[in-house]
Every structure is written in C-alpha cells, then in structure tokens.
Amino acid sequence: MNKAEKMIDALRPRPPINGDNRFFYDELKAGRVSVQGCSSCEELRHPPVPMCPSCHSLDWSPRQMSGEGELISYVVMHHPIVPPFQDGYIVALIEFTEGPRLVMNLEGIAEDDIEIGMKVEVTAHAVDDELTLPMASPCA
Ligand SMILES: [Zn+2]
C-alpha cells in the first residue's frame with residue numbers, strides 16, 4: 001500500500017460522545033437531523049447542553065429539523081490537509097429555517113459558486129459504517 005492509498009483509508013475523527021450529545025448522533029444514525037428543544041419554553045438549541053439558557057429548565061426532547069437552511073458562513077480547507085479530508089473540503093455554518101445553526105460539510109458545489117445566503121438542504125450522511133454526520137448541499 002502506498003502513501004496515497006493510506007490517506008484514503010484514514011477515518012474521520014470521531015466526535016466526543018457524552019450524555020448531552022448522544023441523542024444528536026443517535027438521531028443522525030436514524031436518518032434525522034435534530035436539535036434539543038426545551039420542554040418548558042420551546043427554545044431550540046445547539047450544540048447540546050444540559051440546561052436551557054433561556055429558562056434554566058433541564059427538560060428537553062429531540063426536535064427534528066426540516067432540513068431546509070441557509071449558508072451563513074464557510075471556510076475551504078486547502079493547506080495543510082489532514083487525512084481523510086481532501087483539498088477543497090468545505091466547512092459551512094448553516095442556519096436552519098427553525099433557527100438553530102450547525103457546522104457541517106457543504107458538498108455538491110464548486111468553491112467559486114458558493115454564495116452567502118444560498119439555500120441548502122441538510123441530510124444525515126453516513127460517512128462510514130459507524131459515523132453519520134449532517135451534510136449540506138445546494139437546493140436544486
Ligand atoms: Zn427553556
């Protein structure tokens with residue numbers, strides 16, 4: 001196996017799973033992109049935390065997002081590249097129509113065609129057998 005083949009075989013870094021964020025990755029495995037929704041004041045929040053920042057309630061449930069969002073900001077990775085990421089990998093901040101913002105990969109668009117404010121569709125994307133992450137792509 002040469003060096004280039006080894007780079008392709010490298011796995012994505014694993015997120016640190018804890019009691020607060022486990023639901024997020026379980027929901028993705030089930031094909032849903034969900035965030036925490038406060039059971040008291042209904043505020044949606046991400047990243048996951050134990051307590052509602054608005055009303056201090058500890059009660060919450062997963063709320064599935066519609067998948068519709070807007071590109072708020074992005075960066076494109078060029079150098080240095082860390083396997084398995086490849087040159088031109090796009091990291092995007094997406095705001096769902098429901099309000100929460102998530103950082104994820106933006107696929108299916110050339111760097112020169114990206115526009116802040118563009119509409120995107122977010123889906124649960126199986127990166128490999130064990131890891132599923134949200135992924136954005138431009139709306140058709
Ligand atoms: Zn609340």
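Counting convention: from 1, in listed order, for ligands and their atoms alike. Numbering starts at 1 and runs along the sequence shown.
- Inter-residue side-chain proximity for P100 and R45 is flagged as unmet; no heavy-atom pair is nearer than 4.5 Å.
- Put simply, the side chain of T123 does not reach to within 4.5 Å of the side chain of S137, judged on heavy atoms.
- At distances below 3.5 Å, not a single donor-acceptor pair connects side-chain atoms of D20 with backbone N or O atoms of M51.
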Report, one line per pair, each donor and acceptor closer than 3.5 Å where one atom sits in a side chain of residues 105-117; sequence neighbours left out.
residue	atom	partner	partner atom	Å
N105	ND2	I90	O	2.8
E111	OE1	H78	NE2	3.2

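- Judged purely by atom type and a 3.5 angstrom limit, E98 uses its side chain to pair as donor or acceptor with the backbone of S66.
- Neighbours of the Zn ion (ligand 1) restricted to protein N, O or S atoms under 2.8 Å: the count is 4.
- With N18 contributing its side chain and N21 its backbone, the two residues share a donor-acceptor pair below 3.5 Å.
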